[in-house]
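Letters A, B, ... are given to chains in the order of the sequence lines, protein chains preceding strands, and every chain is numbered from 1.
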Amino acid sequence: MIVWEVDKGVVRKATIKDLMEATYTLLNLVPQGKTTTYGSLAKILGISPRLVGLFMKKNMEPIVIPCHRVVGKNGELRGYSRGGPRIKKRLLILEDVCFNNNRVSRDCIISLNWLLDP
DNA sequence: ATTTGCTCAGCTC
DNA sequence: GAGCTGAGCAAAT
């Protein structure tokens, strides 16, 4: 479990809520027409990929969080609680994300790691 | 292409 | 508390 710095050197463990907020913040960095993966987010946050999925499912704030821009590492859609993968794909196509064979094509997936590096 | 093992918060009982 | 369930992933087959 990662540590979460508050202020004045006060440090505590990251709560689930912290991690959820961090996840959503990172998600806001993903531009329209691109996607990222559960694993990539998880790696940055130091949590398991499953947990990222769990956050997406649990969160019930519809439009503000672009949950549909998170896909499996191989480009598979995985789940979508609001209407299933069909709807998820439809949303992505609406954003000009390229597909081949029900998978998001590689060049529409960004890792977010190299966005943070420089 | 398919199977296997790992992982961990939430949900149910 | 114990046991089951996933919006996942990587390695082995």
Side-chain angles (χ1 to χ4, degrees):
Chain A
M1 183 63 84
I2 62 178
V3 217
W4 208 255
E5 186 160 350
V6 187
D7 62 347
K8 301 189 174 177
V10 179
V11 163
R12 62 180 166 78
K13 277 167 135 187
T15 66
I16 294 302
K17 193 177 168 189
D18 293 330
L19 293 171
M20 284 177 73
E21 285 172 4
T23 307
Y24 303 144
T25 303
L26 286 174
L27 208 46
N28 281 326
L29 298 179
V30 180
Q32 186 177 24
K34 297 285 178 186
T35 67
T36 189
T37 68
Y38 296 96
S40 151
L41 293 171
K43 189 178 174 188
I44 294 171
L45 295 168
I47 60 182
S48 91
R50 289 234 165 173
L51 199 42
V52 176
L54 201 59
F55 291 160
M56 298 303 176
K57 185 174 184 178
K58 187 178 180 189
N59 162 69
M60 291 302 177
E61 302 194 53
I63 309 291
V64 285
I65 294 147
C67 307
H68 58 280
R69 289 190 203 149
V70 189
V71 299
K73 192 158 200 193
N74 50 7
E76 288 186 341
L77 293 180
R78 300 291 165 181
Y80 192 61
S81 49
R82 302 188 90 68
R86 281 283 305 271
I87 304 300
K88 189 169 180 178
K89 182 178 181 183
R90 198 177 291 177
L91 286 168
L92 289 173
I93 287 178
L94 206 65
E95 296 190 344
D96 293 320
V97 172
C98 314
F99 276 76
N100 40 11
N101 253 5
N102 272 355
R103 306 248 186 114
V104 176
S105 81
R106 287 283 183 191
D107 28 333
C108 289
I109 303 177
I110 63 180
S111 70
L112 278 190
N113 284 327
W114 57 261
L115 279 184
L116 301 178
D117 263 349

Value in whole Å for how far the [atom2] atom of [N] lies from [atom1] of [X]:
X: A/L45; N: B/dC8; atom1: CG; atom2: P; result: 14 Å
X: A/K58; N: B/dC11; atom1: NZ; atom2: P; result: 6 Å
X: A/F55; N: B/dT7; atom1: CZ; atom2: C1'; result: 14 Å
X: A/E76; N: B/dT2; atom1: CD; atom2: C1'; result: 12 Å
X: A/L19; N: B/dC8; atom1: CG; atom2: P; result: 13 Å
X: A/K89; N: C/dA7; atom1: NZ; atom2: C1'; result: 17 Å
X: A/H68; N: C/dA7; atom1: NE2; atom2: C1'; result: 14 Å
X: A/K43; N: B/dT7; atom1: NZ; atom2: C1'; result: 18 Å

Under 4.5 Å side-chain linkage, directly or through intermediates, the cluster mates of A/L77: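 Same cluster as A/L77: A/V71, A/L92, A/I93, A/V97, A/F99, A/V104, A/I109.
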
Shared-cluster residues of A/L94, by chain and number - hydrophobic side chains joined below 4.5 Å: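 Once heavy-atom contacts under 4.5 Å are chained together, A/L94 still belongs with nothing else.
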
When you compare the protein's N or O atoms with those of nucleotides 8-11 of chain C, which come within less than 3.5 Å of each other, and at what distance?
residue : atom : partner : partner atom : Å
C/dG8   : N7   : A/R50   : NE           : 3.2
C/dG8   : N7   : A/R50   : NH2          : 2.6
C/dG8   : O6   : A/R50   : NH2          : 2.7
C/dC9   : OP1  : A/G39   : N            : 2.9
C/dC9   : OP2  : A/K73   : N            : 2.9
C/dA10  : OP1  : A/K73   : NZ           : 2.9

Listed partners of A/E21 passing side chain to side chain contact (heavy atoms under 4.5 Å, CB included), at least two apart: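 For A/E21 the side chain to side chain contact (heavy atoms under 4.5 Å, CB included) partners, ignoring immediate neighbours, are A/K17.
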
Set of residues satisfying side chain to side chain contact (heavy atoms under 4.5 Å, CB included) with respect to A/L54, sequence neighbours excluded: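 Once residues adjacent in sequence are excluded, the partners of A/L54 under the side chain to side chain contact (heavy atoms under 4.5 Å, CB included) criterion are A/L51.
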
Any donor-acceptor N or O pair under 3.5 Å, side chains A/D18, A/T15: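 A donor-acceptor contact under 3.5 Å links the two side chains.
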
Steps toward side chain to side chain contact (heavy atoms under 4.5 Å, CB included) verdict (A/H68, A/R90): CA-CA 10 Å; A/H68 58 280; A/R90 198 177 291 177; over 6 Å; no

Group every Ile, Leu, Val, Met, Phe, Trp and Tyr by side-chain heavy-atom contacts under 4.5 Å, then state whether [X] and [Y] land in the same group.
X: A/V30; Y: A/M56; value: yes
X: A/Y38; Y: A/Y80; value: no
X: A/L91; Y: A/I110; value: no

Spacing of the P atoms in B/dG5 and C/dA7 (rounded, Å):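 It comes out at 22 Å once rounded to the nearest Å.
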
Nucleotide-level pairing of DNA chain B, given in dot-bracket where Watson-Crick and G-U pairs need both distances under 3.5 Å and | marks other strands: ||||||.||||||

